[in-house]
Amino acid sequence: MVLVVVMGVSGSGKTTAGSRLAAKLGWKFYDADDYHPPENKKKMAEGIPLSDEDRIPWLCALHDILRREDLSRQDAILACSALKKMYRQVLVSGASAIESNQPEQPGENKALKILFVHLDGPIDIIAGRLEKRRGHFMPPELLKSQFDILEPPSAPENFITVSLQKSLPEMLLEIERAIFQGEAFPE
């Protein structure tokens with residue numbers, strides 16, 4: 001059973017790469033954008049960046065989805081910005097990641113094993129993609145704010161970084177290799 005979060009700034013190709021990979025592998029796919037509450041979408045549409053307080057309940061709901069898939073032994077891919085380390089910790093551990101100074105309770109859910117796939121590329125290429133995108137609540141003007149808060153994954157996080165300057169088939173192959181050659185989930 002494998003859980004993958006395809007992450008990166010808006011316009012990096014998370015939904016495209018994640019949905020294509022899920023379709024190819026026959027896995028479930030979730031787009032985190034579908035789970036934003038209306039007030040978050042309204043803020044972003046008005047050009048107002050989301051705060052941590054706006055994001056935490058949304059991330060907890062996404063953790064619950066991943067936890068459900070884990071419990072049912074279902075392979076799944078989630079496309080989610082997951083820009084900060086704290087956000088990724090919430091996806092892995094749920095609300096307990098926020099109260100990290102609390103000791104783990106007996107019987108408490110263990111942290112999920114998730115591979116984070118960071119789609120990385122230069123701001124000018126991503127800005128060009130956003131300019132062409134239509135009908136999305138995230139305006140191109142918020143891209144800089146996303147780069148400003150981005151904390152790329154680093155050890156000991158479980159991640160790979162994939163250049164979005166590669167073709168989509170090359171990107172998918174690189175992700176598949178990480179998943180199936182065991183690099184993604186060291187024991």
Side-chain angles (χ1 to χ4, degrees), residues 1-38 40-41 44-45 50 54-84 87-94 97 109 111-121 126 129-130 132-138 142-143 146 150 152-153 157-185:
M1 196 279 317
V2 178
L3 298 174
V4 175
V5 173
V6 181
M7 59 159 290
V9 298
S10 184
S12 60
K14 300 178 296 289
T15 300
T16 300
S19 63
R20 296 267 177 89
L21 185 61
K24 182 177 181 186
L25 300 175
W27 294 6
K28 281 195 175 178
F29 174 74
Y30 297 93
D31 189 334
D33 286 347
D34 296 339
Y35 297 89
H36 268 298
N40 282 8
K41 289 183 179 182
M44 288 184 280
L50 297 180
D54 296 322
R55 292 176 195 266
I56 297 302
W58 169 69
L59 291 164
C60 286
L62 296 171
H63 165 80
D64 291 345
I65 290 168
L66 293 173
R67 169 73 59 203
R68 184 184 70 226
E69 297 303 345
D70 182 62
L71 290 172
S72 66
R73 314 286 307 147
Q74 173 67 53
D75 298 314
I77 298 174
L78 169 70
C80 178
S81 54
L83 297 173
K84 290 184 177 182
Y87 301 165
R88 295 186 293 275
Q89 289 171 331
V90 172
L91 291 172
V92 168
S93 299
N109 287 331
L112 295 172
K113 289 175 99 176
I114 298 174
L115 171 65
F116 288 94
V117 176
H118 179 206
L119 301 184
D120 188 36
I126 296 171
R129 289 177 171 193
L130 283 178
K132 295 176 189 148
R133 188 159 76 176
R134 298 286 170 251
H136 195 274
F137 58 83
M138 176 76 176
L142 286 182
L143 181 59
Q146 291 211 328
L150 175 64
E157 291 180 276
N158 189 33
F159 76 97
I160 62 168
T161 300
V162 177
S163 171
L164 58 81
Q165 293 181 292
K166 295 180 177 179
S167 70
L168 183 59
E170 289 173 314
M171 291 168 59
L172 298 182
L173 192 59
E174 187 173 338
I175 299 166
E176 278 184 81
R177 271 196 214 116
I179 292 168
F180 295 116
Q181 292 180 355
E183 301 161 29
F185 301 96

Given 3.5 Å as the limit, does a donor-acceptor pair link the side chain of [X] with the main chain of [Y], or not?
{"X": "R55", "Y": "Y87", "value": "no"}
{"X": "E69", "Y": "A76", "value": "no"}
{"X": "N40", "Y": "D54", "value": "yes"}
{"X": "K14", "Y": "V9", "value": "yes"}
{"X": "E170", "Y": "S167", "value": "yes"}
{"X": "S93", "Y": "V90", "value": "no"}

When rounded to the nearest 0.5 angstrom, what distance separates [atom1] in [X] from [atom2] in [Y]?
{"X": "T16", "Y": "R20", "atom1": "OG1", "atom2": "CZ", "result": "6.0 Å"}
{"X": "Y35", "Y": "I65", "atom1": "OH", "atom2": "CD1", "result": "4.0 Å"}
{"X": "E157", "Y": "L115", "atom1": "CD", "atom2": "CG", "result": "11.5 Å"}
{"X": "R67", "Y": "S72", "atom1": "CZ", "atom2": "OG", "result": "12.0 Å"}
{"X": "E174", "Y": "S163", "atom1": "CD", "atom2": "OG", "result": "8.0 Å"}
{"X": "L83", "Y": "Q146", "atom1": "CG", "atom2": "CD", "result": "5.0 Å"}

Are T161 and D120 linked by a side-chain donor-acceptor pair shorter than 3.5 Å?
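Checked: T161/D120 side chains show no N/O donor-acceptor pair below 3.5 Å.
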Qualifying residue for side chain to side chain contact (heavy atoms under 4.5 Å, CB included) with C80, from D31, L59, V6
L59
In short, W58 meets A32 closest at the heavy-atom pair NE1-O, 2.9 Å
Partners of W27 by ring-ring contact (aromatic ring centres under 6.0 Å, His included), sequence neighbours excluded?
none
